[in-house]
Student: 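Have a look at this one.
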Amino acid sequence: MSETILPRRESQIPKPGNLVTQFMMVSGTVLIAGMLVIGLWVTSEIEEGVTDSAGAVTALYVDALIAPVTQELDDGGSLGDEARRELDFIVRRGALRDEVSAFKLWDPSGRIVFSDNPDLVGSIFDVSDGLAQALAGRVDAALARQSHIVSDIDRNAPLLEVYSPVRSATTGRIIAVAEFYTTAERLREHLFDARVKSWFVVGLVSLGMFSALYALFARGNRTISLQRRALDDQIDQLSALLEQNTGLTQRVEQANHRIADFNERNLRRISAELHDGPVQLLAFAALRLDSPQHSRREQVRQAVNEAMKEIRDICSGLALPEVEAWSVATIVKKVVSAHERRTGRKVVLNLEDDLPELSPAAKTCIYRFLQETLNNGSKHAHGARQTVAIARSSDGIEVQVCDDGPGFAPPEGGEGLGLLGLRERVAGLKGCFDLHSRQGGGTRVVMRLPEDKEAMT
């Protein structure tokens, strides 16, 4: 009997709790990393923009005061004493006293031509990045940077270093660079507020993105949960249906076996009734006809004897011996031997040694199959050679009966009762029945039955 494999209840779909945890971990990590990168980039851009803006404003203010005094440097000139005194007044006691903490004026060759520290005048230093930018015509500002020696400055105080180009009033050519340091306390406070606000905005946007994604995922997760429960219910229903189908299949097979046994008992009963009834009466009539009182007694006796012979043949065909205790090989040999005795013709038998064990219903089917096909071949093949082959197949046993007779075309009205009954009997045992015949090409009848695993135990 075939086994029905029920589906495994363990679903391969991850549980909703696992999905939520994975989503929280992955999305949280990605969003936090993205927030840090974006926040650092935004604050860096803000700091750079605010610093450049503050430096540019301060540079314009300083240039407005310094440029008129330094025009003597145009065309390679030098600062006169009057210009130096005026610059010293502007830086130390004038308008820049409260704005500028340290001041130096560079000529285009990188030499200090004026400074609030007189000891630095005339010194030449390496050209810094800020000085190079200013010599190229751009204002350069940086927070908490000191590129050159600065005296009398609290190094712990927040300072803004600015390099501002000084241009000629007539030609617009850069004639000097003003380097100065201005307090950056308010700038630092402004930058701190800008950083806080930018991080707050980035965090708020990230939280909004996370909330939107979580809401979308939670909705999908609920859908998955509902589908999972529906799938589990369907699997339960399918499992129940498969169990019912298995039970129905077993009951159908048992019913087929019971029907086959019932038919055999009916045939035995019919055989006994024919033997004990009509045969006995005809035999009695034949004995009474032995008296030579009538001229037709011989004809009556002959007709009665023929009727008795036919009835005995029918009885012998209907009565099935007890095949349950016989092996398949024994059944085949007995049927072939009986056919040879009855017809007087030799049957070629090809019988494998290793044949599977079958149920009583399958053995009965083989007995009837051989009996019917050999009788049909003997009757319709006109003395052609008959061959019986029994072999193990991939899933059971194969029985084949063939002859080299003239063959026949399938009748229009369908198969006869004998072949039709065989086909139904084989189908009831989940077997296959094939009939191959053509005029002039012989006939071959093949039956395949599955191996009965219960009969092997």
Student: Given L374, which partner from the list T343, V388, D403 fulfils the side chain to side chain contact (heavy atoms under 4.5 Å, CB included) test?
Tutor: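 Testing L374 for a side chain to side chain contact (heavy atoms under 4.5 Å, CB included) against T343, V388, D403 leaves exactly one candidate, V388.
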Student: Looking at F210, I want to see if its CZ is surrounded by more than 12 non-hydrogen atoms of other residues, nucleotides or ligands under 6.0 Å.
Tutor: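 Yes, the 6.0 Å shell around CZ holds more than 12 heavy atoms from other groups.
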Student: Within this structure, what is the CE-CZ distance for the pair M447 and R425, rounded to the nearest 0.5 Å?
Tutor: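 Output value for this atom pair is 10.0 Å.
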Student: Closest heavy-atom contact between G130 and D140?
Tutor: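 Looking at all heavy atoms of both residues, the closest pair is CA-OD2, 3.3 Å.
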Student: Is there a side-chain contact between T387 and L349 (heavy atoms, below 4.5 Å)?
Tutor: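 The answer is no; the side chains never approach within 4.5 Å.
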Student: Does V399 reach the side chain of V446, with side-chain heavy atoms less than 4.5 Å apart?
Tutor: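 They are not in contact (no side-chain heavy atoms under 4.5 Å apart), so the answer is no.
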Student: With a 4.5 Å cut-off on side-chain heavy atoms, are W106 and F125 touching?
Tutor: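 Result yes, sub-4.5 Å side-chain heavy-atom pair found.
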Student: Report the distance from atom CG of L435 to atom CZ of R444, rounding to the nearest 0.5 Å.
Tutor: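 If I round to the nearest 0.5 Å, the distance is 9.5 Å.
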Student: For T373, give me all partners under side-chain hydrogen bond (donor to acceptor under 3.5 Å, both in side chains), at least two apart in sequence or on another chain.
Tutor: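 Expected list: none.
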Student: Using a 4.5 Å cut-off on heavy atoms from C-beta on, say whether the side chain of V445 contacts that of L422.
Tutor: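 No; the side chains remain at least 4.5 Å from each other.
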Student: Got a second to check how far N375's CG is from Q386's CD, nearest 0.5 Å?
Tutor: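 Spacing of CG (N375) from CD (Q386) equals 8.5 Å.
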Student: Between T330 and S327, do the side chains contain a donor N or O and an acceptor N or O under 3.5 Å apart?
Tutor: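 On atom types as modelled, these side chains qualify, holding a pair under 3.5 Å.
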Student: Please report the closest heavy-atom contact between T443 and S437, naming both atoms and the distance.
Tutor: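 Distance-wise, the nearest heavy atoms are OG1-OG, 2.9 Å.
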Student: Check whether any side-chain heavy atom of K430 lies under 4.5 Å from a side-chain heavy atom of T249, and answer yes or no.
Tutor: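 A side-chain contact under 4.5 Å exists here.
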Student: Of all the heavy-atom pairs spanning G396 and P356, show the shortest one and how long it is.
Tutor: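 Closest approach of G396 to P356, heavy atoms only: O-CG, 3.7 Å.
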Student: Are V177 and L131 close enough that some pair of their side-chain heavy atoms sits under 4.5 Å apart?
Tutor: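 Answer yes - side chains close enough.
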Student: CD of E372 to CG of N376: how many Å apart, nearest 0.5 Å?
Tutor: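 Interatomic distance, E372 CD to N376 CG, rounded to 0.5 Å: 4.5 Å.
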Student: List in chain and number order the residues that pass side-chain hydrogen bond (donor to acceptor under 3.5 Å, both in side chains) with S337, two or more places apart in sequence or in another chain; answer none if no residue qualifies.
Tutor: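 side-chain hydrogen bond (donor to acceptor under 3.5 Å, both in side chains) check on S337 returns R341.
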Student: Restricting to salt bridge (charged side-chain N to carboxylate O under 4.0 Å, His left out), what partner residues turn up for R392, sequence neighbours left out?
Tutor: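 By the salt bridge (charged side-chain N to carboxylate O under 4.0 Å, His left out) rule, R392 matches D354, E451.
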Student: What distance separates R219 CZ from Y214 OH, expressed to the nearest 0.5 Å?
Tutor: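 Result: 15.0 Å between the selected atoms.
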Student: Would you name the heavy atoms of A361 and L429 that are closest together and state the gap between them?
Tutor: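 Taking every non-hydrogen atom into account, O-CD1, 3.7 Å.
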Student: Determine the minimum heavy-atom distance between T29 and M25, stating which atoms define it.
Tutor: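 Heavy-atom minimum between the residues: OG1-O, 2.7 Å.
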Student: Considering residues at least two apart in sequence or located in another chain, which fulfil the side-chain hydrogen bond (donor to acceptor under 3.5 Å, both in side chains) criterion with R138?
Tutor: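 For R138, the residues satisfying side-chain hydrogen bond (donor to acceptor under 3.5 Å, both in side chains) (neighbours in sequence not counted) are Q133.
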Student: Considering non-hydrogen atoms only, spot the tightest contact between I174 and L135 and give its length.
Tutor: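 Nearest pair, atom of I174 first, then L135: CD1-O, 3.3 Å.
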Student: Applying side-chain hydrogen bond (donor to acceptor under 3.5 Å, both in side chains), can you list everything that pairs with D395, at least two apart in sequence or on another chain?
Tutor: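 Applying side-chain hydrogen bond (donor to acceptor under 3.5 Å, both in side chains) to D395 gives S393.
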Student: Just so I know, are the side chains of I390 and I397 near enough to count as touching, which here means a heavy-atom distance under 4.5 Å?
Tutor: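 Yes; the side chains approach each other to less than 4.5 Å.
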Student: With sequence neighbours excluded, give me every salt bridge (Lys or Arg N to Asp or Glu O under 4.0 Å) pair touching residues 330-340.
Tutor: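 Found E340-K346.
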Student: Working note: F369 + F433, criterion side chain to side chain contact (heavy atoms under 4.5 Å, CB included); need CA distance, chi angles, decisive distance, verdict.
Tutor: CA-CA 10 Å; F369 177 83; F433 181 91; 3.6 Å; yes
Student: Would you say the side chain of V426 lies within less than 4.5 Å of the side chain of C432, judging by non-hydrogen atoms?
Tutor: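 Result no, sub-4.5 Å side-chain heavy-atom pair not found.
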Student: So, does D404 use its side chain to make a donor-acceptor pair with the main chain of R385 at under 3.5 Å?
Tutor: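 Checking the backbone N and O of R385 against the side chain of D404, a donor-acceptor pair under 3.5 Å is found.
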Student: OG/S206 to CH2/W199 distance, rounded to the nearest 0.5 angstrom?
Tutor: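 Rounded to the nearest 0.5 Å, the OG-CH2 separation comes out at 9.0 Å.
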Student: Are K363 and E357 within salt-bridge range, i.e. N to O under 4.0 Å?
Tutor: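 Yes.
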